[in-house]
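Presented below is the structure to which this report refers.
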Amino acid sequence: MNGRTAVLNKLRAALGVARDDEARTQAVAWRLAETPTGVVPARGRLPEKDRVALFCEKARQVSASVERVASIDDVPGAVSAYLRARNLPASVRMGTDARLKAMPWQTAGSLKVEPGPAGPQDEAGVSFAFAGIAETGTVLLYSGEANPTTVNFLPEHHIVAVDASDIAGDLEAALSAIRQAFGKGTMPRTLNLITGPSRSADIEQTLLLGAHGPRALHLIVIDGS
Amino acid sequence: MQITSPAFKENARGALADPQLQRALGHVRSGFIDKRKVAVDALPEFDALRESARAIKDHTLTHLDLYLEAYERKVEEAGGRVHWAETAEDARAIILDICRASGARTVTKGKSMITEEIGLNAFLEKEGIRPVETDLGEYIIQLRNEHPSHIIAPAVHLNRDQVETDFRHAHTHLPEERDLSEPVALLGEAREVLRSQFLAADVGITGANFLVAETGSSVIVTNEGNGDLTQTLPKVHVVVASIEKVVPTLEDLSQILRLLARSATGQEMSVYTTLSTGSRRPNDPDGPEEYHVVLIDNGRSAMLGTEFQEMLRCIRCGACMNHCPVYHAVGGHAYGWVYPGPMGAVLTPALAGLDKAGHLPNASTFCGRCEAVCPMKIPLPKMMRHWREREFERALNPAVDRYGIKVWAMFARRPRLYRLATSLAMPALALVGRRKGAFRRLPLASGWTQYRDLPAPEGRTFMQQWRDRSVSGGAEI
């Protein structure tokens, strides 16, 4: 008997159920199909203006830096200014996201854009978030050419653009947008929910920023698109 | 790992006499409790979410076979493979096969308690494969050849100066005169040292906080980002998960995620919550080419349908041990196996055997704080009591204890005799103890009086006072 059969048989014996119990099969099929919503905190249920404000506030609480720009055209300038202010090389790693590509990078002076997935030498990466989540100040990104997962983790500085209109009130709303984008039950290889820069409190419970992931997370919220 | 739970009493004595450990345990008392409270108080829906999460897990556990099958289908649709392991030994063999097939020499690991449970590191080393722990706390204890003393803060038993000594000993390629006096310098050094390991590893092994049946996703929740580098950079990603980790849907996942970080570290959300589904897609520029999930039973199915079933709701947040006066006093290693604190006192007898772990459910004052803070509302004291009953039924505890319990039971089952005995004993003790108001020594009660005085009774029993007050019509007891 293989491991699969053995484990499943043990489970059914312990539960005292038969394999083909119709009521149980239906209960499971129903839940997977209907995906009932549980308790959603009232915190995120706000009109867009307040929702975006809550997102910014929550992100700052977890040590992300946040700036708001009026248009998508302002992003390259904001990225350039961020790097300059921290004495970082004028170079960023980014994927092929159409929204990023459409930005006027040539207006940002000498800023060099390196296409493709990130490597260990990259100091700054730029991504465009699929969504934001106001209740916790979280950004949601998924893997692929547009925004490679390595950009989220290898560079020391991660700069994430997010459209204000993509900021959801709560986690359920953001995941349900993923479900709509990919089809029910289908997922990208990796879905990252990122809430602040990386940290550790493993030494004497002292919280320190900058563990293995980025030391800094900078969010650029685009208001007018 | 070698189980030392049978020596819990000696372990505890050693822990209480260890000044380094006692200094470090101060950080548990101060570090976790207040942060959790602030986060919980800031979310009015917290208790409603606990109820919701409990219902989700109860439903899932009674349909566990079907959700696991549904989960497996989705993983395979997404290009992943699911392996089933009845025992720790089976799981180790499966993982070794995967490593061998990819020609692995080095594997990086994200933090995972289940790989501790199955003793994976020692096994891989024996087979010539080098496991590298990448979570900072896990990395530190791997250097020290120790095991985690806490399920979310594995090195909580150590102080900064001990870590500095370990790093100087291990990282001999770095200049001796470097300054490591601040924790931030230690963190920076671990980051530099482990970067090259992440990039060089052939296989990345992570645990899973959750498995989602609706999508076939494994979910890890971390703060450092090491888990993500572990599962993104190597060619092969192996997820090791016990069978009770499955939840039905993304909505169900959302409910429990709101409880996990708040209960564990007092964060509203951990820094990285990552859902991984299958292997790298055709146009993906990064991510693993192979994705394997090893589903492990190792004793869980035997808990299902018993009075210990509710323990399978546990999401490993660590809140129970963070609030436990016994854990605060002796730390995690005294418990002698993988899982310490109240959750360990319930889980260890189930997974490692009551004959070996019988002391653990007895090492509780039943103060009830663990149950009060458990996000999944697991009745931990009740289950420790069940273990004590089983221990008595199976005659596993010492003869003196059993004799004492039997004498007690004889009186407890005969109320008249009990009342007679207490109505004679209380005035007698009151008379003898009248002068000092307490006893420093008392026959048959040395277990108590060795450490503190026993207050002398006032002279009348509870039942006598109850009767008097009822007769006089006063309801205010």
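Chain identifiers are assigned alphabetically (A, B, ...) following the order of the sequence lines, protein sequences preceding nucleic acid strands; residue numbering begins at 1 within each chain. Nothing here was measured: the structure is a model prediction, and the numbers come from that model.
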Requested in this report: Please say whether more than 12 non-hydrogen atoms of neighbouring residues, nucleotides or ligands are located less than 6.0 Å from CZ in A:R19.
Outcome: no

**Report entry** A:P117 versus B:D286, closest heavy-atom pair with distance
**Finding:** CB-OD2, 3.9 Å

Query raised in the report: Do B:L43 and A:P41 come close enough that some side-chain heavy atom pair is under 4.5 Å?
Result: yes

Query raised in the report: Can you say whether A:E156 sits under 4.5 Å from chain B via the side chain, the backbone, both, or neither, judging by heavy atoms?
Result: both

Query raised in the report: Is there a donor-acceptor contact under 3.5 Å from the side chain of A:K10 to the main chain of B:A302?
Result: no

Query raised in the report: Using non-hydrogen atoms only, which part of B:H237 is less than 4.5 Å away from chain A: side chain, backbone, both, or neither?
Result: side chain

Query raised in the report: Are A:T186 and B:T215 side-chain neighbours, meaning at least one heavy-atom pair lies under 4.5 Å?
Result: no

Requested in this report: Identify which part of B:E77 has an atom lying under 4.5 Å from any heavy atom of chain A, answering side chain, backbone, both or neither.
Outcome: neither

Query raised in the report: Pick from A:T25, A:T190, A:L154: which one has the most heavy-atom pairs with chain B under 4.5 Å?
Result: A:L154

Report task. To the nearest 0.5 angstrom, please state how far the CG atom of B:N159 sits from the CD1 atom of A:I203. Result -> 11.0 Å

**Report entry** Contact check, side chains of A:L193 and B:L275, non-hydrogen atoms, under 4.5 Å
**Finding:** yes

Report summary line: Scanning both residues in full, the closest heavy-atom pair of B:D284 with A:S143 reads OD2-OG, 4.1 Å

Query raised in the report: chain A heavy atoms under 4.5 Å from B:D90: which part of the residue, side chain, backbone, both or neither?
Result: neither

Query raised in the report: Which one, B:G305, B:P248, B:P285, leads in non-hydrogen pairs under 4.5 Å with chain A?
Result: B:P285

Report task. Heavy-atom distances under 4.5 Å only: say whether B:L250 touches chain A with side chain, backbone, both or neither. Result -> both

Query - For the student: nearest non-hydrogen atoms of A:M187 and B:R281, plus distance - result: O-NH1, 2.7 Å

Report summary line: The interface call for B:A213 against chain A, heavy-atom contacts under 4.5 Å, is both

Report summary line: Among B:R280, B:H150, B:K74, B:E69, the residue with the most heavy-atom pairs under 4.5 Å to chain A is B:E69

Query raised in the report: Which atom names give the shortest non-hydrogen contact between A:A14 and B:S301, and what distance separates them?
Result: CB-O, 3.4 Å

**Report entry** A:P197 portion near chain B, given a 4.5 angstrom heavy-atom threshold
**Finding:** backbone

Report summary line: dist B:E182:CD -> A:T206:OG1 (nearest 0.5 Å) comes out at 9.0 Å

**Report entry** Heavy-atom check, side chain of B:N223 versus side chain of A:S200, under 4.5 Å
**Finding:** no

Query raised in the report: How long is the gap from CG on A:D202 to OH on B:Y139, to the nearest 0.5 Å?
Result: 13.5 Å

Report task. Examine whether an atom of B:H83 lies under 4.5 Å from a heavy atom of chain A, and if so say whether it belongs to the side chain, the backbone or both; otherwise answer neither. Result -> neither

Query raised in the report: Taking A:Q61, A:R215, A:R199 one by one, which has the highest count of heavy-atom pairs under 4.5 Å against chain B?
Result: A:R199

Query raised in the report: Taking B:E214 for the side chain and A:L32 for the main chain, is one N or O donor matched with an acceptor at less than 3.5 Å?
Result: no

Report task. Report yes if the side chains of B:Y272 and A:N152 come closer than 4.5 Å at any heavy-atom pair, otherwise no. Result -> no

Query raised in the report: Backbone N or O of B:T134 within a donor-acceptor pair of the A:H212 side chain at under 3.5 Å?
Result: yes

**Report entry** Closest contact, heavy atoms only, A:G38 versus B:S52
**Finding:** CA-OG, 4.4 Å

Query raised in the report: About how many Å separate CG of B:D228 and OG1 of A:T150, when rounded to the nearest 0.5 Å?
Result: 11.5 Å

Query - Within-4.5 Å side-chain heavy-atom neighbours: B:T273 and A:I194 - result: no

Report task. Measure B:F46 against the heavy atoms of chain A and call it side chain, backbone, both or neither at under 4.5 Å. Result -> neither

**Report entry** Region of B:S270 in contact with chain A, defined by heavy-atom distances below 4.5 Å
**Finding:** backbone

Report summary line: The interface call for B:S279 against chain A, heavy-atom contacts under 4.5 Å, is backbone

Report task. Could you please spell out the steps behind the salt bridge (charged side-chain N to carboxylate O under 4.0 Å, His left out) verdict for A:R43 and B:E45? Result -> CA-CA 10 Å; A:R43 183 195 280 183; B:E45 293 89 351; over 6 Å; no

Report task. Sort B:A85 into side chain, backbone, both or neither according to what part of it lies under 4.5 angstrom from a heavy atom of chain A. Result -> backbone

Query raised in the report: What's the spacing between B:T277 OG1 and A:R189 CZ if we round to 0.5 Å?
Result: 7.5 Å

Query raised in the report: Hey, does B:T274 have a side-chain heavy atom less than 4.5 Å from the side chain of A:L191?
Result: no

Query raised in the report: Side chain, backbone, both or neither: which part of B:L199 has a non-hydrogen atom closer than 4.5 Å to chain A?
Result: side chain

Query raised in the report: Looking only at side chains, do B:Q255 and A:E172 share a donor and an acceptor under 3.5 Å apart?
Result: yes

Query - Segment of B:R258 engaging chain A (4.5 angstrom heavy-atom cut-off) - result: side chain

Requested in this report: Would you check, one step at a time, whether the test side chain to side chain contact (heavy atoms under 4.5 Å, CB included) holds for A:L175 with B:S254?
Outcome: CA-CA 9 Å; A:L175 290 176; B:S254 307; 3.5 Å; yes

Query raised in the report: Are side-chain heavy atoms of A:V28 and B:Y67 found at a separation under 4.5 Å?
Result: yes

Query raised in the report: Does A:R12 offer a backbone N or O that forms a donor-acceptor pair with the side chain of B:D65 under 3.5 Å?
Result: no

Report summary line: The interface call for B:S217 against chain A, heavy-atom contacts under 4.5 Å, is side chain

Query raised in the report: Donor-acceptor pair, A:R24 side chain versus B:T62 backbone, under 3.5 Å?
Result: yes

Report task. With a 4.5 Å cut-off on heavy-atom pairs, point out which of B:Q267, B:H59, B:M303 contacts chain A the most. Result -> B:H59

Query - Among A:G137, A:P120, A:A146, residue most engaged with chain B (heavy-atom pairs, under 4.5 Å) - result: A:P120

Query raised in the report: Which bit of B:L61 comes within less than 4.5 Å of chain A, counting heavy atoms only: side chain, backbone, both or neither?
Result: backbone

Report task. Give the C-alpha distance, both sets of side-chain angles, the deciding distance and a yes or no for side chain to side chain contact (heavy atoms under 4.5 Å, CB included) between B:W84 and A:L8. Result -> CA-CA 9 Å; B:W84 301 68; A:L8 289 171; 3.9 Å; yes

Requested in this report: Would you give the length of the straight line joining atom OG1 of B:T60 to atom CZ of A:R31, rounded to the nearest 0.5 angstrom?
Outcome: 6.5 Å

Query - A:E114, CD: over 12 other non-hydrogen atoms inside 6.0 angstrom - result: yes

Query - Enclosure of A:K101 NZ (heavy-atom neighbours >12, cutoff 6.0 Å) - result: no

